[in-house]
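Reading through the structure tokens given below for one structure.
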Amino acid sequence: MGRLKQIFYMAKTTFLEEQHNKRVIMGFLLGIALFGHWLNLFLQYALDTGEPVNVMEAFIVVEHHHKSILFLTACWLLIISDAPFMKKNTYLSLCRSSRKKWDAAMLQYIMIQALLYVAGIAVISIAVSSFCGFFGFMWSSPVYHLAMDTGNHLGVKYNISFPWMNVMKEMTVPQAFMITFILLFLYLVLIGFLLYVCNLLLKEIYGILIVSGIQISGYLLQQEGVTHLSLMAKAIPGYVIDGNGGQWTVIVLFCAIILILALISLWLIGRVDFKDEVEEE
């Protein structure tokens, strides 16, 4: 129990230090602003139809937009870009605990920030949609018409689309909302852990370049239709919901990669030269 308390305390300390960081604040604000842009497009479309929407649909529709995860993840990288979060008091934390505990605390911090980032976006989408929406399990007429817009006429007019009739057939709105939330959260944790591991091995600039390269290649593969090779595409429920539990396969895959990255960081943490890292700070 004492071990868990130490890990939680170090994660909490890092969170309190980072929440005043201008880069972290900017990442959150940019992410919310970008999400708000597509949210506004969707709600404008809904208002023009004169029909109410389910308050959870906005989050689902925006997260399925082809550029949404690309830019939201870019803002997420801004939030965690200084991983592994070494400060001048890092030596004190290491003396009072151990490298392994400190490593676990940094991973916990990444997960907490990812949860807050996704939850913040989801809460804002529900709050704004409540002014022209309803609560329930049913899909709304505006989203149904978006899904049936095979000619993309509505997509061209409103710059928002949702060509995912498979999602509507297989799931209720709350189910789709939860799967969208979970996949986005796990994808951000995966990206965060990957950046953390890369920065343990290399300097921060190289870690950012590697992860950004993976992001861009995933987006390009998604655009070319090679979705089975794109982790980014797998984070979009519409690509993986097939009526046979495809979404659970992706969740297991993401969790497995996250676990592997955590184990790699545990192995690497004993080989990091903290003196050089802290001096750079």
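Position 1 is the first residue of the sequence, and the numbers go up from there. Remember, it's a predicted structure, so these values are computed and weren't measured experimentally.
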Walk me through whether Trp139 and Val167 qualify under side-chain contact (heavy atoms from CB on, under 4.5 Å). CA-CA 10 Å; Trp139 293 91; Val167 177; 4.1 Å; yes
Look at the side-chain heavy atoms of Ile, Leu, Val, Met, Phe, Trp and Tyr, link any pair under 4.5 Å apart, and say whether Leu107 and Leu259 land in one connected group. no
Asn166 side chain to Gly238 backbone, donor-acceptor under 3.5 Å: yes
Flag if over 12 foreign heavy atoms under 6.0 Å of CE, Met26: no
Please tell me if the side chains of Ile264 and Phe193 come closer than 4.5 Å, counting only heavy atoms from C-beta onward. no
Is Ile121 reachable from Val123 through a run of hydrophobic residues whose side-chain heavy atoms are each under 4.5 Å from the next? no
Should Met171 and Ile179 count as side-chain neighbours, where that means a heavy-atom distance under 4.5 Å? yes
Atom CZ of Phe134: over 12 foreign heavy atoms under 6.0 Å: yes
Walk me through it: do Ser140 and Asn54 pass the test side-chain hydrogen bond (donor to acceptor under 3.5 Å, both in side chains)? CA-CA 6 Å; Ser140 67; Asn54 192 308; over 6 Å; no
So, taking the atom named CG in Leu190 and the one named SG in Cys255, what distance separates them when rounded to the nearest 0.5 Å? 9.5 Å
Polar side-chain atom of Thr73 near backbone of Leu70 as donor-acceptor pair, under 3.5 Å: no
4.5 Å side-chain heavy-atom contact, Arg23 and Asp82: yes
Does some side-chain heavy atom of Ile112 sit less than 4.5 Å from a side-chain heavy atom of Lys12? no
For Cys75 and Leu34, which heavy atoms make the closest approach, and how far apart are they? SG-CD1, 3.6 Å
Same cluster or not: Ile124 versus Leu47, using hydrophobic residues (I, L, V, M, F, W, Y) connected whenever any side-chain heavy atoms lie under 4.5 Å apart? no
Could you measure the distance from the OH atom of Tyr239 to the CG atom of Leu183? Nearest 0.5 Å is fine. 13.5 Å
Please state whether the rings of Tyr158 and Tyr45 are parallel, tilted or perpendicular, taking 30° and 60° as the class boundaries. perpendicular
To the nearest 0.5 Å, how far apart are CG in Asn244 and CD in Glu170? 8.0 Å
Has Trp76 got a side-chain atom pairing as donor or acceptor with Leu188's backbone, closer than 3.5 angstrom? yes
Check the pair Glu63, Phe35 against side-chain contact (heavy atoms from CB on, under 4.5 Å), reporting the backbone distance first and the verdict last. CA-CA 9 Å; Glu63 290 309 299; Phe35 178 86; 3.7 Å; yes
Relative to the ring of Trp164, is the ring of His64 parallel (under 30°), tilted (30 to 60°) or perpendicular (over 60°)? tilted
Walk me through whether Ile269 and Leu200 qualify under side-chain contact (heavy atoms from CB on, under 4.5 Å). CA-CA 7 Å; Ile269 200 67; Leu200 287 178; 4.2 Å; yes
What are the two closest non-hydrogen atoms of Ser81 and Ile208, and how far apart are they? CB-CD1, 3.9 Å
Assigning hydrophobic clusters by single linkage (Ile, Leu, Val, Met, Phe, Trp, Tyr; side-chain heavy-atom cutoff under 4.5 Å), is Met148 placed with Leu146? yes
How long is the span from the CZ atom in Arg99 to the OG atom in Ser265, to the nearest 0.5 Å? 13.0 Å
To the nearest 0.5 Å, tell me how far Ile191 CD1 sits from Gln215 CD. 4.5 Å
Could you go through the side-chain contact (heavy atoms from CB on, under 4.5 Å) check for Val53 and Phe42 one step at a time? CA-CA 10 Å; Val53 294; Phe42 171 70; 4.0 Å; yes
Does any non-hydrogen side-chain atom of Tyr117 lie less than 4.5 Å from one of Phe185? no
In the single-linkage hydrophobic clustering (I, L, V, M, F, W, Y; side-chain heavy atoms under 4.5 Å), do Phe137 and Ile60 co-cluster? no
Between the side chain of Ser161 and the main-chain N/O of Pro163, is any donor-acceptor distance below 3.5 Å? no
So Gln44 and Asp48, side-chain hydrogen bond (donor to acceptor under 3.5 Å, both in side chains) or not? Walk me through it. CA-CA 6 Å; Gln44 184 59 58; Asp48 286 352; 3.1 Å; yes
Considering all heavy atoms of both residues, which atom of Val173 and which atom of Gly136 are nearest to each other, and what is their separation? CB-O, 4.4 Å
Do Leu115 and Phe181 come within less than 4.5 Å of each other through their side chains, counting heavy atoms only? yes
Aromatic plane relationship, Tyr187 with Phe254 - under 30° parallel, 30 to 60° tilted, over 60° perpendicular: tilted
Is there a side-chain contact between Met138 and Tyr144, using heavy atoms and a 4.5 Å cut-off? no
With rounding to the nearest 0.5 Å, note down the distance linking CD1 in Ile214 to CE in Met232. 10.5 Å
Looking only at non-hydrogen atoms, find the nearest pair between Ser130 and Val55 and report the distance. CA-CG1, 3.7 Å
Student check: side-chain heavy atoms of Lys67 and Tyr219 closer than 4.5 Å: yes
Can you give me the closest heavy-atom contact between Ile7 and Gln108, atom names plus distance? O-OE1, 3.8 Å
Of all the heavy-atom pairs spanning Ser125 and Ser129, show the shortest one and how long it is. O-OG, 2.7 Å
